[in-house]
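What follows is a single structure, written as structure tokens, with notes after it.
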Amino acid sequence: MYPFASYVLRSYYRSTGWNEDNLYANLTRTSNAILDFTVPRGLHFSISKSPNPLFKTSYSMNALPSLNGSIGYIFTSCDLDVKNSRDVRVKDMIDRFKVYDQPRRPEGKEEEWFAGERVDTRDYLLYGRIYIPTGRLDALYSTRISPTVQGMVAAISDPRTSLQAERSRGTPGSGNNIMLSLQHDTGKWCTEYTWSAEDGMWGVRSLYNFGKVSTPNVDGSDDSVRSNPGAGVKSRSKRVDEEEAMEGGLKGRVSAGAEFYISAKEKSAGVSAGIRFTTLPDATPPSAQLSSSSSSTSSSSTSSPTSSSSVPTYSQPPTTITALFNPMLGHISGAYAARVSRDLSLCSRFDFNVYSYESEWTMGAEWWTRRSKTKDLSHFSEDGEDGDGDGGSVRGRSARLDPSNPTLFASPPNPSDVNRDDEILGVVKARASTTTDVSLMWEGRIRNLLISLGVVSNLSSRAKPIKAIGLELSYFSSG
């Protein structure tokens with residue numbers, strides 16, 4: 001489950017039009033969501049509040065195995081509607097398998113002029129959190145310098161670590177650090193420059209996307225073509241001498257990148273390279289579009305007006321394949337992730353070191369749970385949302401019993417028309433590897449609470465088969 005601060009940061013990126021997925025650091029985000037999920041340890045509580053669209057507060061506490069907590073504040077220059085833990089989409093709060101859309105060139109905010117002078121300001125986000133009783137302080141500042149450039153400043157101050165470093169080495173050091181980051185994203189290219197003050201490390205990361213870059217959709221034509229793939233292809237009859245098209249393999253786009261970093265203080269350097277193949281969400285062969293359009297036309301002519309329209313089937317499952325190589329450490333990693341059904345995604349990864357010949361094979365899966373199909377359709381409102389939002393309130397009951405309500409005598413909605421995302425209750429994630437560790441976690445929502453429950457076990461150990469178990473409860477509201 002995303003912490004509230006991470007959820008607000010992603011909402012800020014989405015509101016300002018910044019694509020955080022077009023970074024080399026996030027090249028393996030799809031496989032990491034299934035294989036590297038974090039199981040909560042002990043008992044954790046989190047309460048957050050957004051009194052207005054610009055300001056947010058967050059309070060968290062760890063009750064087990066030790067008692068500690070933190071207080072955080074977030075301020076943004078733009079209005080953010082973070083909703084509340086009861087109404088927010090569950091998928092927006094969980095790191096999950098996802099095939100990301102084609103990269104786009106970021107767009108800046110519209111210019112605002114008053115009396116011949118430009119009065120619009122740059123978007124920015126301020127975040128700070130203090131931990132009790134250690135006194136550690138985390139801070140983050142992010143701002144859009146230009147439509148394609150974003151700057152970030154992150155700082156950490158830990159008095160206890162600094163005191164331990166002084167006692168052990170006699171010099172202040174590792175407790176405090178400040179890191180600068182400059183990101184330049186053009187859609188085709190995305191380059192990130194970083195500098196860390198603690199070890200004097202300079203780094204550069206770059207990611208290149210092969211193929212075309214999407215252009216912003218103005219008239220909504222892309223959405224119509226995506227919802228009906230046969231709409232953009234002119235139907236025609238096949239010639240007598242025309243051969244059948246032979247489609248095979250996965251169709252998508254390729255992204256490749258690399259990073260290089262050097263530390264003058266530590267007198268060390270490093271380099272890595274990676275490549276990613278991702279299927280396109282709308283990559284359907286023309287022949288399939290023709291057949292789907294013709295079949296939909298014939299079915300629509302024979303079906304009754306009340307029957308639901310056929311949903312086009314794509315010729316390939318959503319798939320992401322990644323490979324990483326670090327020549328200095330000799331580490332090679334390859335991962336394959338795919339959604340094999342509506343609610344099930346599988347992933348496997350193989351890690352190998354060419355110097356030590358050590359290897360590890362990791363497998364994982366995520367399975368989304370939904371509400372029962374036999375649920376009474378009266379619980380769904382007119383827009384497809386679950387009626388639990390106001391069904392228990394007097395206002396919700398009176399609206400359904402009001403004879404003047406036009407939806408009272410309307411026919412019940414078709415189950416296929418209900419938004420599938422609103423039926424989701426949670427997700428079950430499982431991971432197993434050759435290191436004999438097995439992890440299992442459930443993340444979801446129960447009434448107003450977002451819950452994460454997980455366990456890490458070692459099946460080969462009879463003395464201590466359960467290594468860790470934890471429960472995390474989160475609640476936040478706005479307005």
Side-chain angles (χ1 to χ4, degrees), residues 10 13-14 18-37 91 94-106 148 150 181 183-194 203-214 248-261 270-284 314-340 345-354 359-366 429 431:
R10 284 172 169 81
Y13 287 150
R14 186 165 53 250
W18 185 259
N19 184 15
E20 62 169 337
D21 302 316
N22 196 28
L23 293 173
Y24 178 78
N26 297 329
L27 188 70
T28 60
R29 168 173 284 188
T30 301
S31 59
N32 293 343
I34 302 179
L35 301 180
D36 297 329
F37 58 88
K91 286 190 173 183
I94 297 176
D95 194 10
R96 57 188 172 89
F97 173 88
K98 183 179 179 182
V99 174
Y100 299 98
D101 202 358
Q102 201 169 358
R104 300 173 181 266
R105 182 183 179 90
T148 59
Q150 177 175 258
S181 176
Q183 301 171 355
H184 183 210
D185 185 10
T186 63
K188 195 81 170 179
W189 280 94
C190 183
T191 306
E192 181 182 11
Y193 308 92
T194 59
V204 58
R205 298 170 177 169
S206 185
L207 181 68
Y208 178 78
N209 299 292
F210 294 89
K212 297 182 179 179
V213 177
S214 298
L250 297 175
K251 297 175 176 61
R253 65 178 184 272
V254 177
S255 302
E259 69 171 344
F260 174 78
Y261 51 91
V271 63
S272 69
I275 188 171
R276 178 183 62 192
F277 172 82
T278 303
T279 56
L280 294 175
D282 55 352
T284 306
Y314 299 109
S315 62
Q316 57 184 6
T319 305
T320 299
I321 304 173
T322 57
L324 293 176
F325 176 57
N326 191 323
M328 302 189 70
L329 300 179
H331 179 253
I332 301 176
S333 176
Y336 180 91
R339 180 183 292 121
V340 297
S345 300
L346 302 177
C347 182
S348 65
R349 182 178 61 200
F350 183 74
D351 297 284
F352 180 74
N353 192 286
V354 297
S359 62
E360 181 183 2
W361 183 32
T362 309
M363 300 168 293
E366 66 174 21
K429 292 186 177 183
R431 176 184 64 222

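Below, all heavy atoms of this structure are taken into account, side chains as well, without hydrogens, waters or symmetry copies.
In this structure, the side chain of Arg431 engages the main chain of Leu35 through a donor-acceptor pair within 3.5 Å. Checking side-chain atoms of Asn353 against main-chain N and O of Leu329 turns up a donor-acceptor pair under 3.5 Å. Judged by distance alone, with hydrogens and angles left aside, the side-chain atoms of Asn26 form a donor-acceptor pair with the main-chain N or O of Glu20 at under 3.5 Å.
Contact check for Asn19 versus Pro106: no side-chain heavy atoms found under the 4.5 Å cut-off. Inter-residue side-chain proximity for Thr319 and Phe277 is flagged as unmet; no heavy-atom pair is nearer than 4.5 Å. Asn32 is listed as a side-chain neighbour of Arg349, based on a closest heavy-atom distance under 4.5 Å. A 4.5 Å side-chain heavy-atom check between Lys429 and Ile34 finds every atom pair outside the cut-off. Looking only at side-chain heavy atoms (C-beta outward), Ser181 and Glu192 come within less than 4.5 Å of each other. Proximity of Asn22 to Leu207: side-chain heavy atoms (C-beta onward) are separated by under 4.5 Å at one or more points. Residues Glu366 and Phe37 have side chains not in contact (no heavy-atom distance under 4.5 Å, counting atoms from C-beta outward). The closest side-chain heavy-atom distance from Tyr100 to Thr320 is not below 4.5 Å.
In terms of heavy-atom proximity, Ser31 sits nearest to Cys347 at CB-SG, 3.7 Å. Phe210 approaches Lys188 most closely through the heavy-atom pair C-NZ, 4.1 Å. Contact record, Ser333 with Asp351: OG-OD1, 2.9 Å, taken as the closest heavy-atom pair. The two residues Thr322 and Arg276 have their closest heavy-atom pair at CG2-CG, 3.6 Å. Taking all atoms of both residues into account, the shortest heavy-atom contact from Trp361 to Ser348 is NE1-CB, 3.9 Å. Listed here is the closest heavy atom pair of Ser206 and Thr191: OG-OG1, 3.5 Å.
Contacts of Arg96 classified as side-chain hydrogen bond (donor to acceptor under 3.5 Å, both in side chains), with partners at least two apart in sequence or in another chain: none.
In this structure, CD on Gln183 lies 10.0 Å from OG1 on Thr194, to the nearest 0.5 angstrom. In this structure, Phe350 CZ and Glu360 CD are separated by 9.5 Å, a value rounded to the nearest 0.5 Å. Rounding to the nearest 0.5 angstrom, the gap separating the CG atom in Leu23 from the CH2 atom in Trp18 is 7.5 Å. Note: Thr186 OG1 to Tyr208 OH = 9.5 Å, rounded to the nearest 0.5 Å.
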(request) Show the numbers, then the answer: is there a side chain to side chain contact (heavy atoms under 4.5 Å, CB included) between Val254 and Ile275? (result) CA-CA 7 Å; Val254 177; Ile275 188 171; 3.8 Å; yes
(request) Kindly determine whether Leu27 and Leu324 satisfy side chain to side chain contact (heavy atoms under 4.5 Å, CB included), including the steps that lead there. (result) CA-CA 9 Å; Leu27 188 70; Leu324 293 176; 3.8 Å; yes
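Applying the side-chain contact (heavy atoms from CB on, under 4.5 Å) test between Arg205 and each of Tyr261, Tyr24, Tyr193 identifies Tyr24 as the sole match.
Taking the centre and axis of the six-membered ring of Phe97, the NZ or CZ atom of Arg339 falls outside the cone set by 45° and 6.0 Å.
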